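The analysis underlying the following values was restricted to heavy atoms, covering all of them including side chains, and did not include hydrogens, waters or symmetry mates. Everything quoted here is computed from the prediction, not taken from an experiment.
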Amino acid sequence: MIIRSPHHPIRIAALTYLVLLAPPLRHILESSMTGQMLLQIPLLIGVGLLLRQALPARALSIVASCNYQGIAGLLLASVISAFWMLPLALDASVTEPFIAAAKYLSVPLLIGLPLALSWPRMGFIVRGVFLLELTASFFRLGWLYLIWPGRLCNNYLLDDQQRLGQYMLWIGGALLLGIAIKLIWGRFGSV
Amino acid sequence: MAILRTLLASLVLLLAGGAAFGVVTDQFQAFTTETARRLAVRRHPVQIPPVELQLQSGSRISLADLRGKWLLVDFIYTRCPTYCVALGSEFAQLQDLLSKPLAQGKVQLLSISFDPIHDTPAQLKAYMQRSRDRGLGWIAARPVEPQGLGNLERAFGITVIADPSSGGYTHNAAIHLVDPGGRLVEIFDEDAPNLAGRTVLQRLGQ
(Lines give C-alpha, C1' and ligand atoms only; values in the text may rest on other atoms or scores of the structure.)
Protein backbone atom coordinates (compact mmCIF):
# COMPACT_ATOMS: atom_id res chain seq x y z
CA MET A 1 0.00 0.00 0.00
CA ILE A 2 2.74 2.41 1.05
CA ILE A 3 5.01 1.53 -1.82
CA ARG A 4 2.45 1.79 -4.61
CA SER A 5 4.75 3.88 -6.78
CA PRO A 6 8.25 3.22 -5.56
CA HIS A 7 9.73 5.78 -7.93
CA HIS A 8 8.21 8.62 -6.03
CA PRO A 9 11.22 10.37 -4.37
CA ILE A 10 9.42 11.12 -1.10
CA ARG A 11 8.45 7.49 -0.68
CA ILE A 12 11.97 6.34 -1.42
CA ALA A 13 13.24 8.87 1.13
CA ALA A 14 10.76 7.75 3.79
CA LEU A 15 11.50 4.08 3.18
CA THR A 16 15.27 4.60 3.27
CA TYR A 17 14.91 6.61 6.46
CA LEU A 18 12.84 3.92 8.16
CA VAL A 19 15.27 1.21 7.10
CA LEU A 20 18.19 3.27 8.46
CA LEU A 21 16.31 3.73 11.74
CA ALA A 22 15.77 -0.02 12.17
CA PRO A 23 17.94 -1.06 15.15
CA PRO A 24 19.68 -4.07 13.56
CA LEU A 25 20.83 -2.11 10.49
CA ARG A 26 21.72 0.92 12.59
CA HIS A 27 23.83 -1.30 14.80
CA ILE A 28 25.62 -2.89 11.84
CA LEU A 29 26.38 0.47 10.21
CA GLU A 30 27.52 2.06 13.47
CA SER A 31 29.66 -0.89 14.51
CA SER A 32 32.40 0.33 12.18
CA MET A 33 33.71 3.81 11.51
CA THR A 34 33.63 3.04 7.79
CA GLY A 35 29.98 2.00 7.98
CA GLN A 36 28.97 5.15 9.80
CA MET A 37 30.96 7.64 7.71
CA LEU A 38 30.70 6.11 4.26
CA LEU A 39 27.25 4.49 4.36
CA GLN A 40 25.00 5.74 7.17
CA ILE A 41 25.74 9.48 6.93
CA PRO A 42 25.79 9.61 3.10
CA LEU A 43 22.48 7.70 2.97
CA LEU A 44 20.96 10.14 5.48
CA ILE A 45 22.20 13.00 3.28
CA GLY A 46 20.55 11.24 0.34
CA VAL A 47 17.24 11.14 2.23
CA GLY A 48 17.50 14.91 2.69
CA LEU A 49 18.28 15.48 -0.99
CA LEU A 50 15.04 13.72 -1.93
CA LEU A 51 12.99 15.77 0.54
CA ARG A 52 13.15 18.86 -1.65
CA GLN A 53 10.15 17.50 -3.57
CA ALA A 54 8.08 17.66 -0.40
CA LEU A 55 8.50 21.40 0.14
CA PRO A 56 5.56 23.61 -0.94
CA ALA A 57 6.27 26.33 -3.51
CA ARG A 58 5.84 29.05 -0.90
CA ALA A 59 8.56 27.61 1.35
CA LEU A 60 10.83 27.24 -1.67
CA SER A 61 10.46 30.90 -2.57
CA ILE A 62 11.11 32.06 1.00
CA VAL A 63 14.30 29.97 1.17
CA ALA A 64 15.37 31.19 -2.25
CA SER A 65 15.01 34.82 -1.16
CA CYS A 66 17.95 34.47 1.23
CA ASN A 67 19.94 31.87 -0.68
CA TYR A 68 21.61 33.87 -3.46
CA GLN A 69 23.65 31.51 -5.65
CA GLY A 70 22.90 28.82 -3.05
CA ILE A 71 25.63 30.21 -0.80
CA ALA A 72 23.72 30.27 2.53
CA GLY A 73 22.49 26.69 2.00
CA LEU A 74 25.94 25.50 1.05
CA LEU A 75 27.37 27.14 4.16
CA LEU A 76 24.76 25.52 6.41
CA ALA A 77 25.44 22.09 4.89
CA SER A 78 29.21 22.61 5.30
CA VAL A 79 29.00 23.67 8.96
CA ILE A 80 26.78 20.70 9.88
CA SER A 81 28.97 18.30 7.86
CA ALA A 82 32.05 19.59 9.67
CA PHE A 83 30.33 18.86 12.98
CA TRP A 84 29.64 15.23 12.02
CA MET A 85 33.29 14.81 11.09
CA LEU A 86 34.40 15.49 14.68
CA PRO A 87 35.52 12.18 16.21
CA LEU A 88 33.76 13.03 19.48
CA ALA A 89 30.48 13.60 17.60
CA LEU A 90 30.78 10.21 15.84
CA ASP A 91 31.49 8.57 19.20
CA ALA A 92 28.63 10.28 20.99
CA SER A 93 26.13 9.47 18.23
CA VAL A 94 26.73 5.77 18.89
CA THR A 95 26.44 5.90 22.68
CA GLU A 96 24.18 8.87 23.51
CA PRO A 97 20.54 8.57 22.39
CA PHE A 98 20.14 12.36 22.33
CA ILE A 99 23.12 12.84 19.99
CA ALA A 100 21.90 9.92 17.85
CA ALA A 101 18.55 11.68 17.43
CA ALA A 102 20.38 14.91 16.57
CA LYS A 103 22.28 13.05 13.85
CA TYR A 104 19.17 11.43 12.38
CA LEU A 105 17.46 14.83 12.21
CA SER A 106 20.28 17.20 11.30
CA VAL A 107 22.01 15.17 8.60
CA PRO A 108 18.97 14.91 6.27
CA LEU A 109 17.40 18.28 7.15
CA LEU A 110 20.49 20.48 7.54
CA ILE A 111 22.90 18.86 5.07
CA GLY A 112 20.92 16.98 2.42
CA LEU A 113 17.96 19.31 2.08
CA PRO A 114 19.96 22.59 1.93
CA LEU A 115 22.28 21.03 -0.64
CA ALA A 116 19.31 20.01 -2.81
CA LEU A 117 17.86 23.52 -2.49
CA SER A 118 21.17 25.21 -3.25
CA TRP A 119 22.72 23.12 -6.00
CA PRO A 120 20.40 24.35 -8.82
CA ARG A 121 21.10 27.96 -7.79
CA MET A 122 24.86 27.55 -7.65
CA GLY A 123 26.87 29.05 -10.51
CA PHE A 124 29.88 27.48 -12.14
CA ILE A 125 32.38 29.00 -9.71
CA VAL A 126 30.44 28.13 -6.54
CA ARG A 127 29.98 24.58 -7.80
CA GLY A 128 33.68 24.38 -8.61
CA VAL A 129 34.69 25.60 -5.15
CA PHE A 130 32.24 23.15 -3.53
CA LEU A 131 33.43 20.14 -5.51
CA LEU A 132 37.11 20.89 -5.02
CA GLU A 133 36.63 21.48 -1.29
CA LEU A 134 34.67 18.22 -1.05
CA THR A 135 37.47 16.39 -2.84
CA ALA A 136 40.11 18.06 -0.67
CA SER A 137 38.20 17.06 2.47
CA PHE A 138 38.25 13.41 1.41
CA PHE A 139 42.02 13.62 0.85
CA ARG A 140 42.73 15.54 4.06
CA LEU A 141 40.61 13.32 6.32
CA GLY A 142 41.58 10.13 4.51
CA TRP A 143 45.26 10.93 4.94
CA LEU A 144 44.73 11.87 8.60
CA TYR A 145 42.90 8.60 9.37
CA LEU A 146 45.51 6.58 7.51
CA ILE A 147 48.57 7.97 9.29
CA TRP A 148 47.17 8.83 12.74
CA PRO A 149 48.97 6.51 15.20
CA GLY A 150 46.18 6.28 17.79
CA ARG A 151 42.47 5.73 17.78
CA LEU A 152 40.43 8.90 17.22
CA CYS A 153 37.15 7.34 18.36
CA ASN A 154 36.83 5.34 21.56
CA ASN A 155 34.18 3.20 19.87
CA TYR A 156 36.25 2.15 16.86
CA LEU A 157 39.32 0.05 16.23
CA LEU A 158 42.53 1.39 14.74
CA ASP A 159 42.47 -0.87 11.68
CA ASP A 160 38.90 0.28 10.97
CA GLN A 161 40.09 3.90 11.10
CA GLN A 162 42.95 3.14 8.70
CA ARG A 163 40.68 1.26 6.32
CA LEU A 164 38.33 4.25 6.29
CA GLY A 165 41.30 6.49 5.50
CA GLN A 166 42.21 4.30 2.55
CA TYR A 167 38.66 4.28 1.18
CA MET A 168 38.45 8.06 1.55
CA LEU A 169 41.63 8.53 -0.47
CA TRP A 170 40.13 6.33 -3.22
CA ILE A 171 36.87 8.35 -3.15
CA GLY A 172 38.84 11.61 -3.29
CA GLY A 173 40.75 10.25 -6.28
CA ALA A 174 37.52 9.23 -8.04
CA LEU A 175 36.01 12.67 -7.44
CA LEU A 176 39.12 14.34 -8.82
CA LEU A 177 39.01 12.11 -11.89
CA GLY A 178 35.33 12.93 -12.38
CA ILE A 179 35.98 16.67 -12.13
CA ALA A 180 38.91 16.40 -14.55
CA ILE A 181 36.81 14.49 -17.10
CA LYS A 182 34.04 17.06 -16.74
CA LEU A 183 36.47 19.94 -17.27
CA ILE A 184 38.06 18.37 -20.33
CA TRP A 185 35.03 16.88 -22.08
CA GLY A 186 32.02 18.37 -20.37
CA ARG A 187 29.94 21.34 -21.44
CA PHE A 188 30.25 24.40 -19.24
CA GLY A 189 27.12 25.80 -17.68
CA SER A 190 25.70 22.33 -17.21
CA VAL A 191 26.88 20.04 -14.45
CA MET B 1 17.97 42.32 -1.68
CA ALA B 2 18.48 38.58 -2.05
CA ILE B 3 22.24 39.21 -1.92
CA LEU B 4 21.97 41.18 1.32
CA ARG B 5 19.70 38.63 2.93
CA THR B 6 22.04 35.82 1.87
CA LEU B 7 24.98 37.71 3.33
CA LEU B 8 23.11 38.21 6.59
CA ALA B 9 21.98 34.58 6.75
CA SER B 10 25.53 33.41 6.01
CA LEU B 11 26.99 35.61 8.75
CA VAL B 12 24.46 34.34 11.27
CA LEU B 13 25.22 30.75 10.22
CA LEU B 14 28.96 31.24 10.54
CA LEU B 15 28.69 32.89 13.96
CA ALA B 16 26.25 30.29 15.29
CA GLY B 17 28.33 27.47 13.80
CA GLY B 18 31.56 28.86 15.25
CA ALA B 19 29.98 29.30 18.68
CA ALA B 20 28.54 25.78 18.61
CA PHE B 21 31.93 24.35 17.62
CA GLY B 22 33.58 26.27 20.44
CA VAL B 23 31.15 24.84 22.98
CA VAL B 24 31.30 21.27 21.72
CA THR B 25 35.10 21.16 21.37
CA ASP B 26 35.78 22.94 24.68
CA GLN B 27 37.16 26.11 23.06
CA PHE B 28 38.66 24.17 20.15
CA GLN B 29 40.78 22.02 22.46
CA ALA B 30 38.98 18.67 22.36
CA PHE B 31 38.16 16.94 19.09
CA THR B 32 38.12 13.39 20.43
CA THR B 33 36.10 11.82 23.23
CA GLU B 34 39.32 10.97 25.05
CA THR B 35 40.59 14.58 25.18
CA ALA B 36 37.13 15.82 26.06
CA ARG B 37 36.81 13.49 29.07
CA ARG B 38 40.25 14.52 30.36
CA LEU B 39 39.42 18.22 30.15
CA ALA B 40 35.99 17.62 31.68
CA VAL B 41 37.17 15.80 34.83
CA ARG B 42 39.83 18.43 35.46
CA ARG B 43 37.11 21.07 35.49
CA HIS B 44 34.32 19.06 37.09
CA PRO B 45 35.63 16.14 39.16
CA VAL B 46 33.41 13.05 38.99
CA GLN B 47 32.22 11.25 42.12
CA ILE B 48 33.12 7.57 41.80
CA PRO B 49 30.30 5.17 42.83
CA PRO B 50 30.93 2.86 45.85
CA VAL B 51 31.12 -0.30 43.75
CA GLU B 52 31.78 -3.63 45.42
CA LEU B 53 35.06 -5.28 44.34
CA GLN B 54 36.70 -8.66 44.83
CA LEU B 55 40.47 -8.42 45.25
CA GLN B 56 43.26 -10.70 44.01
CA SER B 57 43.35 -12.12 47.54
CA GLY B 58 39.71 -13.15 47.23
CA SER B 59 38.45 -10.70 49.87
CA ARG B 60 35.77 -8.16 49.08
CA ILE B 61 35.82 -4.42 49.59
CA SER B 62 33.75 -1.44 48.54
CA LEU B 63 35.41 1.38 46.64
CA ALA B 64 34.08 3.60 49.42
CA ASP B 65 36.44 1.79 51.85
CA LEU B 66 39.36 3.37 50.01
CA ARG B 67 38.21 6.93 50.74
CA GLY B 68 40.83 8.97 52.51
CA LYS B 69 43.61 7.82 50.18
CA TRP B 70 44.75 9.10 46.81
CA LEU B 71 44.01 6.36 44.27
CA LEU B 72 45.77 5.72 40.99
CA VAL B 73 43.36 3.57 39.00
CA ASP B 74 43.73 1.76 35.68
CA PHE B 75 41.36 -0.55 33.83
CA ILE B 76 42.69 -3.83 32.49
CA TYR B 77 41.87 -7.37 31.46
CA THR B 78 44.50 -9.92 32.27
CA ARG B 79 44.54 -11.65 28.85
CA CYS B 80 45.40 -8.32 27.21
CA PRO B 81 48.57 -8.56 25.13
CA THR B 82 49.28 -4.84 24.75
CA TYR B 83 48.22 -1.87 26.87
CA CYS B 84 47.54 -3.78 30.07
CA VAL B 85 50.98 -5.42 29.99
CA ALA B 86 52.52 -1.96 29.77
CA LEU B 87 50.18 -0.61 32.43
CA GLY B 88 51.05 -3.51 34.73
CA SER B 89 54.77 -2.82 34.65
CA GLU B 90 54.10 0.91 34.97
CA PHE B 91 52.15 0.29 38.16
CA ALA B 92 55.06 -1.79 39.45
CA GLN B 93 57.37 1.15 38.68
CA LEU B 94 54.95 3.47 40.47
CA GLN B 95 55.34 1.24 43.52
CA ASP B 96 59.02 2.28 43.53
CA LEU B 97 58.39 5.96 42.88
CA LEU B 98 55.62 6.18 45.47
CA SER B 99 57.09 3.75 48.01
CA LYS B 100 57.01 6.29 50.86
CA PRO B 101 53.35 7.44 50.63
CA LEU B 102 52.30 3.86 49.78
CA ALA B 103 53.93 2.65 53.00
CA GLN B 104 52.24 5.48 54.89
CA GLY B 105 48.87 4.37 53.49
CA LYS B 106 48.26 7.73 51.84
CA VAL B 107 48.19 6.35 48.29
CA GLN B 108 46.74 3.17 46.79
CA LEU B 109 47.32 1.69 43.35
CA LEU B 110 44.23 -0.07 42.00
CA SER B 111 43.82 -2.09 38.79
CA ILE B 112 40.20 -2.87 37.94
CA SER B 113 39.36 -5.65 35.50
CA PHE B 114 36.54 -5.06 33.02
CA ASP B 115 36.51 -8.77 32.20
CA PRO B 116 35.28 -10.10 35.58
CA ILE B 117 34.14 -13.46 34.23
CA HIS B 118 37.60 -14.50 33.14
CA ASP B 119 39.60 -12.46 35.65
CA THR B 120 39.21 -14.52 38.80
CA PRO B 121 41.30 -13.61 41.87
CA ALA B 122 43.86 -16.21 40.73
CA GLN B 123 44.15 -14.58 37.29
CA LEU B 124 44.48 -11.14 38.89
CA LYS B 125 47.22 -12.41 41.17
CA ALA B 126 49.08 -13.95 38.22
CA TYR B 127 48.76 -10.68 36.30
CA MET B 128 50.35 -8.77 39.19
CA GLN B 129 53.15 -11.32 39.46
CA ARG B 130 53.84 -11.13 35.72
CA SER B 131 54.07 -7.34 36.11
CA ARG B 132 56.66 -7.76 38.90
CA ASP B 133 54.49 -6.59 41.76
CA ARG B 134 56.72 -5.20 44.52
CA GLY B 135 54.17 -6.29 47.11
CA LEU B 136 53.30 -2.86 48.43
CA GLY B 137 50.17 -0.77 47.98
CA TRP B 138 48.89 -2.32 44.75
CA ILE B 139 45.64 -4.24 44.52
CA ALA B 140 43.92 -5.74 41.49
CA ALA B 141 40.18 -6.25 41.61
CA ARG B 142 37.11 -7.29 39.67
CA PRO B 143 33.64 -5.77 40.14
CA VAL B 144 31.31 -8.23 41.84
CA GLU B 145 28.12 -7.12 40.06
CA PRO B 146 27.86 -6.53 36.29
CA GLN B 147 25.91 -3.38 37.13
CA GLY B 148 28.82 -2.20 39.25
CA LEU B 149 31.15 -2.57 36.29
CA GLY B 150 28.75 -0.54 34.13
CA ASN B 151 28.58 2.20 36.75
CA LEU B 152 32.36 2.32 37.02
CA GLU B 153 32.83 2.48 33.25
CA ARG B 154 30.32 5.30 33.03
CA ALA B 155 31.84 7.29 35.88
CA PHE B 156 35.41 6.91 34.61
CA GLY B 157 34.47 7.24 30.92
CA ILE B 158 35.87 3.87 29.86
CA THR B 159 34.75 2.42 26.52
CA VAL B 160 35.52 -1.26 25.94
CA ILE B 161 34.96 -2.76 22.50
CA ALA B 162 35.57 -6.27 21.21
CA ASP B 163 38.55 -6.68 18.92
CA PRO B 164 37.91 -9.61 16.58
CA SER B 165 41.49 -9.65 15.26
CA SER B 166 42.96 -10.46 18.68
CA GLY B 167 39.92 -12.13 20.22
CA GLY B 168 40.23 -9.67 23.10
CA TYR B 169 39.20 -6.10 23.73
CA THR B 170 40.30 -2.62 22.84
CA HIS B 171 39.80 0.12 25.41
CA ASN B 172 40.86 3.66 26.15
CA ALA B 173 43.80 3.02 28.44
CA ALA B 174 44.84 5.66 30.92
CA ILE B 175 45.89 6.28 34.53
CA HIS B 176 43.15 7.87 36.63
CA LEU B 177 43.73 9.93 39.76
CA VAL B 178 40.99 9.78 42.42
CA ASP B 179 41.25 12.14 45.40
CA PRO B 180 40.67 11.17 49.06
CA GLY B 181 37.07 12.34 48.69
CA GLY B 182 36.47 9.65 46.04
CA ARG B 183 36.36 12.05 43.13
CA LEU B 184 38.08 11.45 39.77
CA VAL B 185 40.18 14.60 39.38
CA GLU B 186 42.76 13.93 36.66
CA ILE B 187 43.52 11.50 33.83
CA PHE B 188 47.02 10.76 32.50
CA ASP B 189 48.21 9.05 29.32
CA GLU B 190 48.79 5.34 29.73
CA ASP B 191 52.48 5.89 28.93
CA ALA B 192 53.00 8.69 31.46
CA PRO B 193 53.26 6.91 34.85
CA ASN B 194 55.99 9.29 36.04
CA LEU B 195 53.81 12.32 35.47
CA ALA B 196 50.99 10.60 37.36
CA GLY B 197 53.34 9.67 40.21
CA ARG B 198 54.88 13.14 40.44
CA THR B 199 51.42 14.71 40.47
CA VAL B 200 50.43 12.53 43.42
CA LEU B 201 53.61 13.49 45.31
CA GLN B 202 52.94 17.13 44.56
CA ARG B 203 49.38 16.90 45.83
CA LEU B 204 50.66 15.23 49.00
CA GLY B 205 53.23 18.00 49.38
CA GLN B 206 56.11 15.51 49.20
Side-chain angles (χ1 to χ4, degrees), chain A residues 30-33 61-96 99 102 106 110-111 114 117-118 121-122 126 141 144-145 148-163, chain B residues 1-40 75 82-83 114 150 153-154 156-174 187 189-191:
Chain A
E30 288 181 353
S31 68
S32 81
M33 201 172 169
S61 76
I62 292 173
V63 171
S65 72
C66 48
N67 197 17
Y68 177 75
Q69 288 247 342
I71 286 171
L74 183 58
L75 209 61
L76 175 62
S78 306
V79 169
I80 305 295
S81 307
F83 177 81
W84 292 114
M85 285 179 209
L86 288 173
L88 63 85
L90 293 178
D91 254 341
S93 80
V94 177
T95 49
E96 317 271 339
I99 307 291
S106 70
L110 302 180
I111 302 177
L117 291 172
S118 301
R121 314 185 69 80
M122 281 154 60
V126 179
L141 279 180
L144 176 79
Y145 294 155
W148 198 258
R151 295 185 308 139
L152 289 163
C153 290
N154 282 354
N155 282 299
Y156 296 120
L157 298 169
L158 188 61
D159 58 353
D160 185 16
Q161 180 174 307
Q162 290 166 343
R163 189 172 49 232
Chain B
M1 271 316 277
I3 297 181
L4 271 180
R5 273 199 294 264
T6 301
L7 199 64
L8 197 68
S10 303
L11 269 175
V12 170
L13 276 173
L14 276 180
L15 286 176
F21 263 77
V23 170
V24 170
T25 60
D26 222 328
Q27 274 96 53
F28 302 95
Q29 295 176 80
F31 295 91
T32 64
T33 313
E34 196 52 21
T35 324
R37 101 178 156 114
R38 292 174 188 207
L39 289 174
F75 285 82
T82 52
Y83 287 129
F114 52 75
E153 287 179 350
R154 219 162 305 124
F156 278 94
I158 304 296
T159 307
V160 178
I161 51 173
D163 183 352
S165 66
S166 73
Y169 304 100
T170 290
H171 58 112
N172 46 337
I187 301 174
D189 283 338
E190 91 278 352
D191 57 357

Undergrad: Against chain B, work out which of A:Leu158, A:Asp91, A:Val79 has the most heavy-atom pairs shorter than 4.5 Å and name it.
TA: A:Asp91
Undergrad: Measure distances from B:Val24 to the heavy atoms of chain A and classify the residue's part below 4.5 Å as side chain, backbone, both or neither.
TA: both
Undergrad: Considering only heavy atoms and a distance below 4.5 Å, find which of B:Val12, B:Thr25, B:Ile161 pairs most often with chain A.
TA: B:Ile161
Undergrad: Any side-chain heavy atom of A:Ser106 within less than 4.5 Å of one from A:Trp84?
TA: yes
Undergrad: Could you tell me which portion of A:Asn67 (side chain, backbone, both or neither) has an atom closer than 4.5 angstrom to a non-hydrogen atom of chain B?
TA: backbone
Undergrad: Using atom types as modelled and distance alone, determine if a side-chain donor or acceptor of B:Asp163 lies under 3.5 Å from a backbone N or O of B:Thr170.
TA: no
Undergrad: Pick whichever of A:Cys66, A:Ser31, A:Pro87 has the most heavy-atom pairs under 4.5 Å with chain B.
TA: A:Cys66
Undergrad: What residue in A:Ala82, A:Ser78, A:Gly150 has the most heavy-atom pairs under 4.5 Å with chain B?
TA: A:Ala82
Undergrad: Is there a side-chain contact between B:Arg37 and B:Ile158 in this structure, where contact means two heavy atoms from C-beta onward sitting under 4.5 Å apart?
TA: yes
Undergrad: Does the B:Glu153 side chain pair with the main chain of B:Val160, one donor and one acceptor, at a distance under 3.5 Å?
TA: no
Undergrad: Where does B:Phe21 contact chain A at under 4.5 Å (heavy atoms): side chain, backbone, both or neither?
TA: side chain
Undergrad: Of the listed residues (B:Leu8, B:Thr32, B:Thr159), which shares the most heavy-atom pairs with chain A below a 4.5 Å separation?
TA: B:Thr32
Undergrad: Looking only at atom types and distance, does a side-chain atom of B:Asn172 sit under 3.5 Å from a main-chain N or O of B:Gly157, one as donor and one as acceptor?
TA: yes
Undergrad: Name the region of B:Ala20, side chain, backbone, both or neither, that has any atom closer than 4.5 Å to a heavy atom of chain A.
TA: neither
Undergrad: Looking at B:Phe114 versus B:His171, is the centre-to-centre ring distance below 6.0 Å?
TA: yes
Undergrad: Hey, does B:Arg38 have a side-chain heavy atom less than 4.5 Å from the side chain of B:Thr35?
TA: no
Undergrad: Below 4.5 Å, heavy-atom pairs only: which of A:Ile80, A:Thr95, A:Asn155, A:Asp159 has the largest tally toward chain B?
TA: A:Asn155
